[in-house]
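To start, the structure itself, in structure tokens.
Residue numbers begin at 1 in each chain, while the letters A, B, ... track the order of the sequences.
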There are 2 protein chains.
Amino acid sequence: MNKRSGETYHHGNLHGTLIAAAIELIRDKGPNAFSLRELAKKAGVSHTAPYRHFKDKNALLVAIAETGFKTLTERTRNAAMQFDGDPKRQLIETGVAYVELALDNPEITQLMFGGFIDMEKCPKENLDSTADNAFQGLVNLIESGKQSGIFRNEETELLALATWSMVHGLAMLITGGQLCGIADEQDQVRNLSAKVESLLMEGILVR
Amino acid sequence: MNKRSGETYHHGNLHGTLIAAAIELIRDKGPNAFSLRELAKKAGVSHTAPYRHFKDKNALLVAIAETGFKTLTERTRNAAMQFDGDPKRQLIETGVAYVELALDNPEITQLMFGGFIDMEKCPKENLDSTADNAFQGLVNLIESGKQSGIFRNEETELLALATWSMVHGLAMLITGGQLCGIADEQDQVRNLSAKVESLLMEGILVR
DNA sequence: ACATCTATGTATACGCTGTCAACATTGCTG
DNA sequence: CAGCAATGTTGACAGCGTATACATAGATGT
């Protein structure tokens with residue numbers, strides 16, 4: 001009953017199938033053109049079947065955004081782990097991972113941050129907490145860097161916000177197409193994001 | 001025939017009225033929920049009337065985004081002008097103006113950068129050129145700061161991209177609601193963006 | 001001044017969308 | 001094995017973007 005979807009009345013794992021198919025669809029057409037009915041067709045069920053698993057279109061989008069935040073947390077944490085004991089390098093690689101993930105999933109990134117999700121009517125705790133996890137890693141990283149005497153002794157939240165903003169801005173500019181020609185390719189992006197963050201480390205002013 | 005819209009067959013200035021009303025609508029409901037038909041109703045015309053002035057819904061959105069980029073260019077340039085001869089202060093104030101404008105117009109900002117506009121099918125030169133104007137001001141500013149020996153002698157485009165990313169990221173995080181509680185109020189934002197940018201100037205690392 | 005052309009607005013229709021309500025099927029539980 | 005809860009289907013509805021055909025009016029050339 002789990003494998004073949006076309007033969008049984010009950011699908012078996014519609015929930016998961018819907019999310020996977022939705023991600024694919026959003027990748028293809030962008031979050032704006034994504035429709036529930038097309039999703040249902042792609043999953044091989046009737047156009048109201050998704051409502052047994054998600055209250056809303058919005059709820060479905062929230063679920064997808066959550067998976068996005070989860071992989072974001074994983075990737076950045078993974079990147080940081082590889083340079084344990086070197087906070088500066090950790091910060092840079094975390095940022096690079098952030099931007100690279102955004103470049104690999106521009107449409108999902110837009111879904112996560114672009115205003116497609118109606119925050120008013122969504123459970124919100126869920127989404128917020130998963131997003132916070134990603135931020136918390138950054139905070140920890142900076143805290144340890146401060147204690148090692150490498151990072152400036154400013155308010156931790158401020159330092160975290162600055163690095164997050166920098167990386168997030170670069171990611172959004174890339175996924176939004178504002179940097180056409182400047183940063184399209186994968187390796188360009190890696191290089192660029194590393195440079196930009198080094199700049200944040202060292203500062204723009206002449207010393 | 002210009003004033004009273006309900007009495008004449010021809011509206012007189014539908015084009016302008018539509019854009020103004022659309023901005024209002026988007027402010028109210030967000031770019032996602034905005035609809036052409038509701039706009040037409042609000043403007044007091046039939047639901048196909050807008051097609052005499054805009055090829056598409058997309059074309060209308062592009063026009064609105066353009067006005068957004070224009071005021072962005074104005075505001076940032078204006079902010080920079082007030083501190084002519086002090087590139088560091090200019091850079092900071094430009095950024096503050098950027099973030100403040102985004103905070104004042106979160107929905108329009110999302111429209112401009114969030115992926116609501118279909119870049120494939122839009123004239124694109126228009127939108128790109130207006131967006132470039134805003135960026136060009138930043139480039140000039142940095143160039144002059146480099147020549148005064150205040151800014152680090154890195155590639156200008158890199159410095160510009162870094163500052164743009166920082167400011168843009170902060171703006172997007174705020175408008176996206178990711179910073180609830182941290183930066184909601186107007187003065188908080190002014191303060192925060194100035195601090196964050198100072199950090200970019202001075203660098204995160206201990207010297 | 002008047003005929004005509006063009007710009008602008010309307011009416012109607014189509015297929016697509018999200019969502020609700022009523023019904024059908026299935027697997028689980030007592 | 002009876003019945004209940006979970007899951008899927010059908011049909012309907014209003015709202016959406018947009019194409020087509022038509023109506024009106026302002027501008028233009030004679």
Side-chain angles (χ1 to χ4, degrees), chain A residues 1-22 25-26 28-64 111 115-118 120-122, chain B residues 1-22 25-26 28-64 111 115-123:
Chain A
M1 24 225 325
N2 221 332
K3 309 285 190 63
R4 325 279 294 276
S5 57
E7 305 185 4
T8 55
Y9 189 92
H10 280 358
H11 179 284
N13 183 23
L14 231 199
H15 186 98
T17 303
L18 284 176
I19 289 192
L25 263 183
I26 293 176
D28 277 2
K29 324 199 134 198
N32 206 19
F34 167 76
S35 92
L36 269 191
R37 285 175 108 108
E38 192 178 357
L39 170 64
K41 193 181 300 178
K42 180 173 177 134
V45 293
S46 78
H47 65 271
T48 52
Y51 284 87
R52 299 296 150 187
H53 300 271
F54 302 96
K55 176 186 166 296
D56 254 344
K57 182 182 186 182
N58 197 60
L60 202 244
L61 295 182
V62 168
I64 294 176
L111 172 65
F116 291 97
I117 291 176
D118 191 342
E120 319 292 326
K121 59 189 271 200
C122 104
Chain B
M1 339 317 124
N2 220 333
K3 309 286 190 61
R4 327 278 294 276
S5 57
E7 304 185 4
T8 55
Y9 188 91
H10 280 359
H11 178 284
N13 183 21
L14 232 199
H15 186 97
T17 303
L18 283 176
I19 289 193
L25 263 183
I26 292 177
D28 278 2
K29 323 199 135 198
N32 206 19
F34 167 76
S35 91
L36 269 190
R37 286 175 109 110
E38 192 177 356
L39 170 64
K41 192 182 301 178
K42 180 173 176 132
V45 292
S46 78
H47 65 270
T48 52
Y51 285 87
R52 299 295 152 189
H53 299 271
F54 301 96
K55 176 187 166 296
D56 255 343
K57 181 182 186 182
N58 197 60
L60 200 244
L61 295 182
V62 168
I64 294 176
L111 172 65
F116 291 97
I117 291 176
D118 190 343
M119 294 301 189
E120 319 291 326
K121 59 189 271 200
C122 102

Using the test side-chain contact (heavy atoms from CB on, under 4.5 Å), find all partners of D28(A) that sit at least two apart in sequence or belong to another chain. none
With a cut-off of less than 4.0 Å, is there a side-chain N or O of S46(B) near OP1 or OP2 of dA11(C)? no
Does dG9(C) have OP1 or OP2 sitting under 4.0 Å from an N or O in the side chain of H53(B)? yes
With 3.5 Å as the limit, what N/O pairs link the protein to nucleotides 13-15 of chain C?
unit_1	atom_1	unit_2	atom_2	d
dA13(C)	N6	H47(B)	NE2	3.4

Between CD1 on residue I64(B) and CZ on residue F116(B), distance to nearest 0.5 Å: 12.5 Å
Sequence-distant partners of K41(B), side-chain contact (heavy atoms from CB on, under 4.5 Å), two or more places apart: none
Length of the line joining L60(B):CG and dG17(D):C1', which is rounded to integer Å: 12 Å
Would you check if L36(A) and Y51(A) make a side-chain contact, meaning some heavy-atom pair closer than 4.5 Å? yes
Gap between atom CE of M119(B) and atom CG of N58(B) - 0.5 Å precision: 9.0 Å
Rounded to whole Å, how long is the line connecting atom NZ of K29(A) with atom P of dC16(C)? 11 Å
Can you tell me the distance, in whole Å, between the CZ atom of F34(A) and the P atom of dC16(C)? 17 Å
Nucleotide dG15(D), atom P - distance to NZ of K41(B) in whole Å: 7 Å
L39(A) CG to dT19(C) P: how many Å, rounded? 13 Å
Taking C-beta and beyond as the side chain, do L61(B) and F34(B) meet within less than 4.5 Å on heavy atoms? yes
Distance check needed: dG17(D) C1' versus F116(B) CZ, whole Å only. 17 Å
For atom CG of D118(B) and atom P of dG17(D), their distance in whole Å: 15 Å
If you assign each of E38(A) and R52(A) to its closest nucleotide in DNA chain C, which residue comes earlier from the 5' end? E38(A)
For Y51(A) and dC13(D), what is the distance between atoms OH and C1' respectively, to the nearest whole Å? 13 Å
What I'd like to find out is whether the side chain of N32(A) reaches to under 4.5 Å of the side chain of N32(B), using heavy atoms alone. yes
